[in-house]
Amino acid sequence: MGAVGLQTHIWANNTRSILLLATFPILVGFILYGVQLILMGFGVLPGSGKGLGDDMALAASWLTFTVPAAFVIAAVWFAIAYFGSQTLVDMLTGARKVERKTEPDLYNLLENLAISRGLRTPTLRVIDSDSLNAFATGLHEGQYSVTVTRGLVRTLTRDELEAVLAHELVHVINKDVRTMMIASIFAGIISVIAEMVFRALLYSGGGRRRDDNKNAMPLILIGIAFAAIGFLLAIVIRMMLSRTREYVADAGAVELTKNPDAMISALRKVEGRSSVKGPDELQQLFLDNQPDGVGLEGLFATHPPIQKRVDALVKFGGGRDPGPWSGEPSPSASPSASGYSTSVPLAG
């Protein structure tokens with residue numbers, strides 16, 4: 001994919017990101033309105049004592065207070081995440097910071113890629129896991145970090161590892177990391193709302209006054225519908241943000257390294273071996289996140305299938321697909337024919 005085409009995709013994706021994230025207030029409004037109707041139906045919140053329309057109008061009037069309150073909570077949540085997100089990520093994944101003296105080859109690969117684009121080298125982190133994966137985190141210059149698993153370092157050749165590091169660096173260059181981190185924070189806020197509602201119903205004896213309100217069941221059903229729409233849209237937004245960016249990052253890695261075959265063979269080795277523990281909000285940042293037993297063509301997957309990413313690199317990057325990796329290079333195929341780099345893997 002040429003530089004002009006890639007830049008066009010970057011602009012299109014960034015515009016889409018702004019539009020999608022701008023829908024967050026709408027999502028919050030939908031969810032809060034649905035939650036209020038549910039709580040009213042269960043008798044946790046007082047009803048109007050009149051018809052269903054009056055109850056719904058009353059719940060809508062509360063949004064003038066609950067939505068601003070939700071955004072105050074969101075602002076506090078964002079401030080905490082802004083300063084403590086990397087610490088939380090390290091705790092959840094077991095990632096640890098490494099320096100040049102402990103990982104010289106790995107560090108030099110990342111540093112050379114950053115220098116080639118005039119960037120400050122992101123902090124390098126390693127997860128002691130046999131899985132093959134990588135991801136970038138951070139919200140601003142000086143906070144960006146690239147994390148790889150030990151399995152990735154041991155399995156990939158130098159060229160393949162360089163391609164993966166370039167992929168993650170492109171996420172930094174395109175500000176994908178910042179967008180995804182913000183989206184993760186928003187998703188966390190929505191999760192907190194759901195948790196608060198559940199606890200409110202659990203500890204308030206929800207339903208004890210439900211029989212007193214003839215509108216209880218309609219309110220609960222309508223509230224569930226509104227909340228479900230909000231939650232569903234939040235999930236769709238997260239998936240769209242993840243999927244579109246992986247194609248661009250793959251193409252950007254090829255532009256950085258001038259080696260489409262290395263990116264393709266790296267993806268083939270990662271395929272089916274990328275499982276890393278972590279919350280859903282974090283896994284959307286991974287190089288690959290394909291759940292086991294995905295149905296309906298990956299309907300709920302946050303990443304496009306490896307095969308589709310490989311096909312795009314073959315079509316637009318001019319690379320060659322060596323096919324699924326069996327765990328060992330084919331002895332009958334030459335490096336040029338197989339698409340696998342002749343570089344040796346980096347030692348752990």
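Worth saying up front: this structure is predicted, and the values here are computed from it rather than measured.
- Distance check, rounded to the nearest 0.5 Å: CD1 of Ile222 to CE of Met56 gives 4.5 Å.
- Note: Gln36 CD to Ser61 OG = 8.0 Å, rounded to the nearest 0.5 Å.
- Of the inter-residue distances, the one linking Leu313 atom CG with Tyr247 atom OH reads 10.0 Å to the nearest 0.5 angstrom.
- Without hydrogens or angle criteria, Ser131 side chain to Ser275 main chain gives a donor-acceptor distance under 3.5 Å.
- Not a single donor-acceptor pair under 3.5 Å links the side chain of Thr102 to the backbone N or O of Val98.
- Taking each heavy atom of Pro122 and Ala114 in turn, the nearest pair found is CD-CB, 4.4 Å.
- Nearest heavy-atom pair across Ala95 and Thr147 is CB-CG2, 4.0 Å.
- Considering only heavy atoms from C-beta on, Leu152 stays 4.5 Å or farther from Asn133 through its side chain.
- Other residues, nucleotides and ligands contribute only 12 or fewer heavy atoms inside 6.0 Å of the CZ atom of Arg120.
- For the pair Leu139/Tyr144, no side-chain contact is recorded, criterion being any heavy-atom separation below 4.5 Å from C-beta on.
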Worked check of salt bridge (charged side-chain N to carboxylate O under 4.0 Å, His left out) between Arg125 and Asp90: CA-CA 9 Å; Arg125 286 178 163 82; Asp90 291 347; 3.1 Å; yes
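- Smallest separation of non-hydrogen atoms from Ala253 and Ala163: CB-O, 3.5 Å.
- Taking the side chain as every heavy atom from C-beta outward, Glu103 and Asn108 never approach each other to under 4.5 Å.
- Taking the charged nitrogens against the carboxylate oxygens, Asp128 and Arg96 do have a contact shorter than 4.0 Å, which makes a salt bridge.
- Minimum heavy-atom separation, Leu37 to Ala59: CD2-CB, 3.6 Å.
- Smallest separation of non-hydrogen atoms from Lys269 and Leu132: O-CD2, 3.4 Å.
- Remark: His303 NE2 to Arg245 CZ distance equals 12.0 Å, nearest 0.5 Å.
- Side-chain contact check for Phe135 versus Val177: every heavy-atom pair is 4.5 Å or farther apart.
- Side-chain polar atoms of Asp54 and Ser48 form no donor-acceptor pair below 3.5 angstrom.
- Side chain of Asp321 to backbone of Gly323: a donor-acceptor contact under 3.5 angstrom is found.
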